[in-house]
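Report on the following structure.
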Amino acid sequence: MAIENRYDIITRINEHYGRMSKGQKAISAFIYDHYDQAVFMTAAKLGEVVGVSESTVVRYAAYIGYSGYPEFQRDLEDWVQNKINSVQKIGAKYGQSSQSEILTSVLQSDMEKLQDTIQHLDPVAFETAVDIILEAKTVYVMGVRSCEPLADFLHFYLNMIRGGVVLLKTTSVSETFEQMIRIDEKDAMIGISFPRYSMRTLKAMEFANDRNAKVIAITDSVHSPMNLYSSCNLLARSDMVSIVDSLVAPLSVINALVVAMCLKRPEDVKKNLKNLEEAWNNYQVYLNDEINFIDEEPMLNYPLRRKEERE
């Protein structure tokens, strides 16, 4: 089975995850995080490690569409083998290429992902996300592993635009819940995750959804489990051109969110930046060797705004 198959074992799990029992979700979580170990386990061993019965594991395989555990295990083995072979495929593709050819190929691949994202991202969902973020009492942001820089970037600029932004940053699911224990229907959560999907982020989004908060997912496709608990899905292509995840399209979507919010609340942004500049000056942090944000308005100086002024 090729990894490009849109109905591989992980896709099957994603599609059924929302209706799974607690035990079945525990099995899914183990496979997401430890697929390299699960592939060698019998149904009895997998059940022992996860804390469920062997029969629960067998029923789990049937629930996601397999005739039995052996077929489930073979499909998991094929999927893992394709993941391992991706490194070999990279060597075959780029092994004889010059550095400049590799640069061109990777940049071209990123451009294609951006173009695909432009064509498929729902503009209504984008506008809804902007409104949700601006109107929420508190906004919680979470992204782990390779998505952590995306969450950091979004948190940094959201903090410039509005108050009440919490970056969820922990390696423990229980600590994540502790950080968002006060979340309610007046709040919003933004979960950022791409394959391999983060179970910690998924659990946080599920918790936010259960507390009636508005949930926004920034993920790669309609098959992503992150869509299960979100009221607004922003899809951005993030296929691997190598063993490294391409985050160009997701970062551009996040950048677009920031720009849209700045254009919608320009006076708030200018006020916040002015207060920040005064704090730098008052406490001798700002050394006057940076760009003057207030005069130059770099975050607001976009063609859309200039077009409106000309009209």
Side-chain angles (χ1 to χ4, degrees), residues 121-194 197-198 200-220 224-236 247 250-273 275-276 293 299-300:
L121 192 141
D122 183 357
V124 175
F126 180 84
E127 292 174 11
T128 301
V130 171
D131 291 336
I132 288 173
I133 295 169
L134 289 176
E135 294 169 8
K137 179 184 68 177
T138 304
V139 178
Y140 296 83
V141 182
M142 186 170 186
V144 301
R145 295 197 296 267
S146 62
C147 293
E148 188 172 333
L150 296 176
D152 287 339
F153 182 89
L154 179 57
H155 171 260
F156 177 82
Y157 283 105
L158 280 184
N159 201 46
M160 292 282 190
I161 298 168
R162 48 154 299 156
V165 185
V166 177
L167 179 62
L168 300 171
K169 214 166 187 178
T170 177
T171 58
S172 165
V173 174
S174 61
E175 287 182 4
T176 301
F177 293 159
E178 291 168 7
Q179 293 177 24
M180 56 190 303
I181 192 64
R182 294 179 179 83
I183 193 170
D184 60 26
E185 70 279 358
K186 297 178 182 178
D187 302 321
M189 181 188 174
I190 305 170
I192 307 171
S193 190
F194 295 84
Y197 303 109
S198 163
R200 274 180 284 155
T201 304
L202 183 62
K203 288 290 185 183
M205 294 171 70
E206 183 178 8
F207 180 71
N209 181 69
D210 289 344
R211 299 293 291 271
N212 297 315
K214 293 180 175 63
V215 182
I216 299 168
I218 300 178
T219 189
D220 67 318
S224 169
M226 301 298 135
N227 301 330
L228 293 170
Y229 304 111
S230 62
S231 54
C232 184
N233 305 321
L234 303 180
L235 306 182
L247 300 178
L251 183 58
S252 290
V253 170
I254 290 171
N255 190 27
L257 280 174
V258 172
V259 171
M261 284 183 276
C262 287
L263 293 173
K264 205 158 191 176
R265 298 277 181 88
E267 296 307 317
D268 289 345
V269 175
K270 290 173 69 175
K271 180 181 176 182
N272 291 337
L273 291 174
N275 289 338
L276 181 58
F293 284 157
M299 295 176 68
L300 306 178

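Everything quoted here is computed from the prediction, not taken from an experiment.
The only member of Ser231, Cys232, Pro123 that meets side-chain contact (heavy atoms from CB on, under 4.5 Å) when paired with Thr128 is Cys232.
When all heavy atoms of Arg162 and Ala136 are compared, the closest pair comes out as NH1-O, 2.7 Å. Contact record, Asn209 with Val215: N-CG2, 3.9 Å, taken as the closest heavy-atom pair. Ser224 approaches Thr219 most closely through the heavy-atom pair OG-OG1, 2.7 Å. Closest heavy-atom contact between Leu121 and Leu235: CD1-O, 3.5 Å. Annotation for Leu234 and Ala129: closest pair CD1-CB, 4.0 Å, computed over non-hydrogen atoms.
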Side chain to side chain contact (heavy atoms under 4.5 Å, CB included) between Ile133 and Ile161, worked out = CA-CA 10 Å; Ile133 295 169; Ile161 298 168; over 6 Å; no
Check the pair Val139, Val166 against side chain to side chain contact (heavy atoms under 4.5 Å, CB included), reporting the backbone distance first and the verdict last.
-> CA-CA 6 Å; Val139 178; Val166 177; over 6 Å; no
Met205 and Met142: side chain to side chain contact (heavy atoms under 4.5 Å, CB included), yes or no, with the steps?
-> CA-CA 9 Å; Met205 294 171 70; Met142 186 170 186; over 6 Å; no
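The structure places CE of Met226 at 12.5 Å from CD1 of Ile218, a figure rounded to the nearest 0.5 Å. Note that CG of Leu134 is 4.5 Å distant from CZ of Arg265, once rounded to the nearest 0.5 Å. Taking CZ from Phe194 and CG from Leu247, the interatomic distance works out to 7.0 Å, rounded to the nearest 0.5 Å.
The ring-ring contact (aromatic ring centres under 6.0 Å, His included) test applied to Phe126 returns no partner, not counting sequence neighbours. The side chain to side chain donor-acceptor pair (under 3.5 Å) test applied to Thr138 returns no partner, not counting sequence neighbours. For Asn233, the side chain to side chain donor-acceptor pair (under 3.5 Å) criterion is met by Ser230, not counting sequence neighbours.
Legend: salt bridge (charged side-chain N to carboxylate O under 4.0 Å, His left out) pairs involving residues 224-233, not counting sequence neighbours: none detected. Pairs passing the salt bridge (charged side-chain N to carboxylate O under 4.0 Å, His left out) check and including a residue from residues 205-214, sequence neighbours excluded, read Lys25-Glu206.
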Which side-chain N or O atoms in residues 148-155 pair as donor and acceptor under 3.5 Å with protein atoms at least two apart or in another chain?
residue	atom	partner	partner atom	Å
Asp152	OD1	Lys169	NZ	3.3

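For Lys186, the NZ atom is loosely surrounded, since the number of other residues' heavy atoms within 6.0 Å does not exceed 12. Within a 6.0 Å sphere centred on CZ of Arg145, heavy atoms belonging to other residues, nucleotides or ligands number more than 12.
When side chains are defined from C-beta on, Leu158 counts as touching Ile190, because their heavy atoms get closer than 4.5 Å. Inter-residue side-chain proximity for Asp187 and Arg182 is flagged as unmet; no heavy-atom pair is nearer than 4.5 Å. Side-chain contact between Lys203 and Phe177 is present, with heavy atoms from C-beta onward closer than 4.5 Å. At a threshold of 4.5 Å between non-hydrogen side-chain atoms, the residues Tyr229 and Leu202 count as touching. With a 4.5 Å cut-off on side-chain heavy atoms, Arg200 and Leu168 do not count as touching. Using a 4.5 Å heavy-atom cutoff, the side chains of Val258 and Met160 are not in contact. Side-chain contact check for Asp184 versus Asn212: every heavy-atom pair is 4.5 Å or farther apart.
At distances below 3.5 Å, not a single donor-acceptor pair connects side-chain atoms of Ser198 with backbone N or O atoms of Ser193.
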